[in-house]
Amino acid sequence: MKKVLKISAIVLGVLIVLMLLTPFLFKGKITQIAKDELNKSLNAKIDFSGMSLGLFKNFPNFTFTIKDLSVVGLQEFEGDTLFAAPQLSFTLDLQSVLAGNYEVTKIKLQEPLINLLVLENEKANWDIALASEEDSMEVEEADTTNYKLVLESFEIENARVIYDDKAYQMYSLLKGFNLTLKGDLTAHTAELELKSSIQELTYEMENISYMKKSKIDFLAEIDANLDSSKYTFRDNKLLINGLEINFEGFVAMPSDDIYMDLRYQAPKADLKSLMSLVPAFYMEGYEDVKTEGKVAFNGWAKGVYGEFSMPAFELNIDIDKGRFQYPDLPQAVENIYLKTKILSPSSDMNDMQIDISRFSFKIINNPMEVKLKLRTPLTDPDIDAQFKGKFDLASLVQVYPLDSDMHLSGLFTTDIRLKGKQSSLDKEQYQDFVASGSMQLADLHYQDKDLPEGIVIHRAAMSFTPQFIDMSSFNATYNHNTMEANGKLFNYMGYAFSDGILRGEVNLKADYLNLDELMASEETTAAPDTNVAEKPLEAFEVPKNIQMVMQCDIAKMKYDVYDLKAVFGKISIMNQQVNLDKLHMELLGGKMEMSGFYNSSNLEQPLVHFILGISDFNIKQTYQAMDMVKQLAPIMQYAEGTFSSLLSYEGKLDKAMNPDLNSVSAKGILSTSKLSIKGAKSIEELANTLKINELKNLSTDAMAIPFEIKDGKLLVKTFETKVNGIPMKASGVTYLNQNIDYDLNMKIPREKLGGQANSTLNHLSAKAKAMGVDVAASDQIDVQAKMTGTTTKPKIGLNFKETANKVEDQIKQEIVNQTEEIKKQAYDEAQKLKTELENKAKEELKKQQEELERKKKEAEERAKKKLQEEAKKRLGKYF
């Protein structure tokens with residue numbers, strides 16, 4: 001409260017003091033000075049189109065008017081309007097203006113917009129006062145200013161007020177809010193007259209609507225002690241739709257806390273006015289409803305309402321023998337009895353007691369009865385409840401005006417008894433807690449404008465025990481597809497009464513499941529419009545207090561643009577996270593198995609982490625279905641074939657469930673079948689550069705492509721394949737802005753190359769021949785290509801210098817090879833000649849030796865013979 005008053009003082013002080021110094025001179029300059037001073041004082045952008053000061057509207061007093069005033073937030077609230085009004089008027093006492101005191105006697109706001117926002121971190125957009133030394137000098141500054149609020153009247157005309165609290169999930173909308181407060185607000189005590197009205201008031205909390213387009217009027221005469229900020233009610237009347245409530249007592253606000261001692265009652269209450277508080281009954285035609293029965297509505301509130309405290313209070317509602325009937329319907333709801341007492345005797349809400357000793361009604365031949373007692377709701381809910389009755393839903397149309405396109409039928413029966421403390425269940429002392437009975441639903445058929453195809457629950461049966469609810473059967477048809485479920489729900493009492501965790505084990509079997517419709521917002525258009533684009537998906541919040549394990553077997557399922565088949569595996573919900581465990585499915589012409597999670601703890605950027613095993617996905621279908629593929633692999637739109645992959649993927653999503661590519665980290669290997677690629681700009685540019693037209697329509701061998709997605713880039717590591725029979729190696733990167741940078745190495749048959757390459761090669765061959773070296777032409781030439789530019793405007797560069805260098809190296813090596821061959825041939829010839837000469841020398845030597853031996857032997861034989869003959873001659877005379 002102090003902070004609001006301080007902000008108001010800053011705004012009023014700067015505007016009034018600066019503007020009234022010279023109201024008719026230097027108007028534009030003073031306007032700019034006022035804007036500058038306001039923007040210096042507040043953490044927001046203040047603007048207005050102009051000012052005026054006149055005597056005629058509230059003669060003889062001055063009327064100072066600011067036109068088109070707006071206050072727009074900064075930082076987290078950038079662009080959000082906190083306040084806007086086409087006209088803000090101050091009435092100033094003439095004598096005070098002449099004396100230089102500037103007494104403000106009246107303030108009027110015309111058609112203001114007040115937009116109050118609270119973020120999930122509990123930061124509010126109206127907390128715009130800049131911290132400064134002014135905080136410690138607030139009292140002194142108030143005493144030294146030359147303007148004073150001596151209000152006699154404060155008026156708001158036709159305001160629109162929005163309060164949107166994300167932290168506590170509260171939303172309120174006031175349309176046509178008017179307020180007039182009159183009285184001498186300068187006195188120590190004053191008699192105030194308050195008159196206010198709201199044409200439409202809507203209030204929701206945690207997505208539950210408590211008031212919907214309710215009409216409010218409040219007239220009050222109040223004795224005010226302005227020194228202590230205490231306000232005592234005298235004559236007053238509060239009208240909420242048709243219910244009139246009167247107050248006695250006081251409300252005091254000496255600080256940020258609110259002190260109160262109030263008693264209230266509705267002396268003219270009847271069943272019709274009480275029903276007007278229920279949004280489902282307060283609608284068109286409500287005025288003509290006929291009601292009977294006695295009604296009492298009263299209570300009190302006493303204590304302190306603050307950030308950490310609640311006042312004690314009591315509310316009593318009694319209905320005796322009530323009855324209501326809509327004029328155009330044949331039957332009435334009869335025998336309505338309600339006796340309710342809600343008592344909180346202290347500021348401790350755990351002391352609150354809820355006693356519904358009787359609540360019963362009868363619709364045609366369908367009686368329903370409810371009894372409930374609840375004690376210590378916060379620490380250890382102690383419940384004693386009974387729900388019993390039967391209801392033929394088709395009979396509802398005879399007592400309540402359903403929409404013309406709504407159909408409802410089916411039989412609902414229940415007989416449930418619950419008695420005991422939550423602590424008994426927590427300690428597993430089930431013998432101390434009574435939970436028995438059952439609830440059945442048979443042949444329910446529901447259909448309306450938002451669900452024109454209707455839903456049918458053929459059978460649903462639940463039985464209650466202290467440990468769990470046993471859902472023995474659930475069989476439903478939606479859009480001509482049937483699903484079945486069974487399982488158990490644990491800790492249902494703690495979940496219902498003390499914000500505990502609901503645990504469950506469920507088996508789900510379905511012919512068809514449409515996840516888009518299950519996750520869609522409850523807000524829908526009045527009728528389908530084929531011209532309106534389909535509402536995009538929104539990130540969904542996984543409940544904090546549900547832990548569920550579900551075994552699913554789903555024949556067909558739809559999610560976004562994906563049509564899935566044969567979905568089976570385990571899905572679990574825990575800690576705002578959906579976990580998938582080996583979930584198998586068929587989609588995009590192939591199969592996939594995935595494990596991982598979706599985490600919604602930060603709904604602005606949900607987190608996903610999956611390991612995917614993909615088999616035989618159709619490439620074109622994948623391109624059409626996945627935006628990330630369109631951005632990182634646009635060539636897939638021109639390819640025909642299938643691919644398989646094993647990859648790890650993690651990253652963030654945006655509010656529309658699209659991947660935030662800058663956060664994606666993925667790694668894996670992509671295996672393709674034989675592919676055909678036609679129409680890709682990058683491929684056509686490569687074919688044109690190489691002068692090989694047949695490359696414009698590619699066919700590849702199967703490939704294994706290792707890849708990585710990191711920092712918003714698709715990194716393709718080196719892989720090998722054949723393109724139209726041409727061996728190729730490739731690697732490179734695709735960026736988010738569609739820029740590309742790829743290296744291609746190909747072995748291209750020489751006869752397919754263009755003139756530039758062949759001219760280079762022929763010139764080199766001629767040089768080799770001139771050197772006396774005959775180089776045989778290679779059948780395949782290594783060609784290096786660089787692909788840059790973008791996916792739609794690629795650029796191809798061929799490195800023929802490198803190719804020529806390689807060919808020259810080949811020629812040089814060929815020369816070396818040929819020289820070595822000549823040397824080898826000469827050496828071999830020399831060796832051969834040497835061997836022949838040696839062999840001839842050996843043969844000649846052998847011949848010579850043999851001849852010598854022969855001659856020697858002949859000589860020896862001649863000598864021996866001669867010796868024998870000589871001996872014979874000499875010895876012959878003796879013998």
Side-chain angles (χ1 to χ4, degrees), residues 1-8 43 76-77 82 114 116-129 131 135-136 138-139 161-172 174 203-208 210-211 224-233 247-264 299-315 341-355 374-383 421-423 426 494-501 543-545 576 601:
M1 182 64 68
K2 291 180 180 178
K3 190 172 291 185
V4 173
L5 292 175
K6 178 184 174 184
I7 295 170
S8 301
N43 186 30
E76 299 101 321
F77 300 101
L82 168 61
I114 303 171
L116 306 175
L117 305 176
V118 181
L119 302 179
E120 291 183 353
N121 61 8
E122 300 188 21
K123 185 169 184 180
N125 70 333
W126 62 84
D127 187 10
I128 58 175
D135 295 338
S136 60
E138 187 174 344
V139 175
V161 182
I162 300 170
Y163 178 75
D164 190 356
D165 189 333
K166 302 293 186 183
Y168 294 95
Q169 299 184 53
M170 290 189 292
Y171 176 82
S172 181
L174 286 72
Y203 176 72
E204 298 175 359
M205 185 171 182
E206 295 182 348
N207 296 321
I208 298 175
Y210 291 93
M211 303 187 81
N225 187 324
L226 299 178
D227 291 338
S228 61
S229 296
K230 181 178 179 180
Y231 307 93
T232 303
F233 289 94
F247 293 89
E248 294 179 359
F250 72 86
V251 173
M253 296 179 285
S255 62
D256 289 340
D257 292 334
I258 301 174
Y259 295 78
M260 66 184 69
D261 187 355
L262 294 172
R263 291 187 176 275
Y264 59 90
W300 54 267
K302 184 176 183 180
V304 181
Y305 176 80
E307 186 176 359
F308 303 105
S309 62
M310 284 287 292
F313 65 89
E314 180 179 342
L315 171 64
K341 182 177 182 178
I342 302 175
L343 173 64
S344 181
S346 71
S347 61
D348 187 353
M349 292 293 289
N350 192 54
D351 293 338
M352 184 173 62
Q353 304 170 12
I354 299 175
D355 285 329
L374 182 63
R375 304 288 186 271
T376 58
L378 301 183
T379 58
D380 187 12
D382 183 358
I383 189 172
K421 295 183 177 181
Q422 176 66 36
S423 58
D426 295 339
Y495 175 75
F497 292 101
S498 61
D499 200 26
I501 296 176
K544 296 180 181 179
N545 54 349
Q576 290 191 280
S601 55

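Counting begins at 1 with the first residue of the sequence.
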Within a strict 4.5 Å, meaning less than it, do heavy atoms of the [X] and [Y] side chains meet?
| X | Y | result |
| --- | --- | --- |
| Leu262 | Phe233 | yes |
| Arg375 | Asp355 | yes |
| Thr232 | Phe247 | no |
| Pro377 | Met349 | no |
| Leu343 | Trp300 | yes |
| Asp257 | Phe308 | no |
| Tyr171 | Ile162 | yes |
| Leu82 | Phe77 | no |

Where the side chain of [X] meets the backbone of [Y], is there a donor-acceptor pair that is under 3.5 Å apart?
| X | Y | answer |
| --- | --- | --- |
| Asp351 | Pro345 | no |
| Glu120 | Lys166 | no |
| Asn350 | Thr379 | yes |
| Asp380 | Ser423 | yes |

Smallest separation among heavy atoms of [X] and [Y], with atom names:
| X | Y | result |
| --- | --- | --- |
| Ser172 | Tyr203 | CB-CD1, 4.0 Å |
| Ser601 | Gln576 | CA-OE1, 3.8 Å |
| Glu122 | Ala167 | CG-CB, 3.7 Å |

Could you give the distance from [atom1] ([X]) to [atom2] ([Y]), rounded to the nearest 0.5 Å?
| X | Y | atom1 | atom2 | result |
| --- | --- | --- | --- | --- |
| Glu204 | Asp164 | CD | CG | 10.0 Å |
| Tyr264 | Phe313 | OH | CZ | 8.0 Å |
| Thr376 | Gln422 | OG1 | CD | 10.5 Å |
| Met205 | Tyr210 | CE | OH | 6.5 Å |
| Met170 | Asp165 | CE | CG | 4.5 Å |
| Tyr231 | Phe250 | OH | CZ | 13.0 Å |

Discussion item. Tell me if the CZ atom of Arg263 is crowded by more than 12 foreign heavy atoms within 6.0 Å.
Written reply: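 12 or below, so no.
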Discussion item. For a side chain to side chain contact (heavy atoms under 4.5 Å, CB included) check, start with the C-alpha distance between Tyr305 and Met310, then their side-chain angles and the critical distance, and finish with the verdict.
Written reply: CA-CA 5 Å; Tyr305 176 80; Met310 284 287 292; 3.7 Å; yes
